[in-house]
Asks: 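There's a structure below that I have some questions on.
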Amino acid sequence: MAEHRKQLHRTDNMKYFFHENGPSTSKVVTVATLLPIGGTLLLLSGMSFIGSLIGLAMAAPIFLTFSPVLVPAALLIAGSVAGFLTSGAFGITGLSSLSWIGNFVRGYMYQQLQNKSQDP
């Protein structure tokens, strides 16, 4: 009998726990709203992936035929893009370095002026 009472007490505690900590209405509505949207977007992404594969399968013979022209052109474009991005990164690095040096010197000069004004 005591065993049955313990089991009944555990069940009541679990019902109370799930009732108090269950999902709120706003969470349920959010999931119910986002589930169809997520499913639709997943369907559209799958369709675009399939379309890309079909396009690649149809364009592969053309790529193989024109590969002596396309490969060097692709390498030239990739090199140009890499050079442009590298020059931009170096420019940003240079500007940030100059800014850091300017702020450091300005702070150092301010500190020197403060020290001189405090010296009797």
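Along the sequence shown, residues are numbered consecutively beginning with 1. Computed over heavy atoms, backbone and side chain alike; hydrogens, waters and symmetry mates excluded.
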Asks: If you measure from CG on L70 to CD1 on I77, what distance do you get to the nearest 0.5 Å?
Replies: 9.5 Å

Asks: So, for P36 and T33, which heavy atoms are closest and what is the spacing to 0.1 Å?
Replies: CD-O, 3.3 Å

Asks: Please list every donor-acceptor pair under 3.5 Å in which a side-chain atom of residues 97-105 meets a protein atom from a residue at least two apart or in another chain.
Replies:
residue	atom	partner	partner atom	Å
S97	OG	T93	O	2.8
N103	OD1	R106	NH1	3.3
N103	ND2	S99	O	3.4

Asks: Using the test ring pair (Phe, Tyr, Trp, His ring centres under 6.0 Å), find all partners of F90 that sit at least two apart in sequence or belong to another chain.
Replies: none

Asks: State which residues pass side-chain contact (heavy atoms from CB on, under 4.5 Å) with S52; sequence neighbours excluded, sorted by chain then number.
Replies: none

Asks: For L43, which fellow cluster members are found when Ile, Leu, Val, Met, Phe, Trp and Tyr are connected by side-chain heavy-atom distances below 4.5 angstrom, either directly or through intermediates?
Replies: M47

Asks: In residues 79-89, what donor-acceptor pairs under 3.5 Å come from side-chain atoms, sequence neighbours left out?
Replies:
residue	atom	partner	partner atom	Å
S80	OG	L76	O	2.9
T86	OG1	A82	O	2.7
S87	OG	G83	O	3.4
S87	OG	F84	O	2.8

Asks: Would you mind writing out the side-chain donor-acceptor pairs for residues 60-68 within the sub-3.5 Å range, not counting sequence neighbours?
Replies:
residue	atom	partner	partner atom	Å
T65	OG1	P61	O	2.8
S67	OG	L64	O	3.2

Asks: Considering only heavy atoms from C-beta outward, does the side chain of M58 approach that of I54 to under 4.5 Å?
Replies: yes

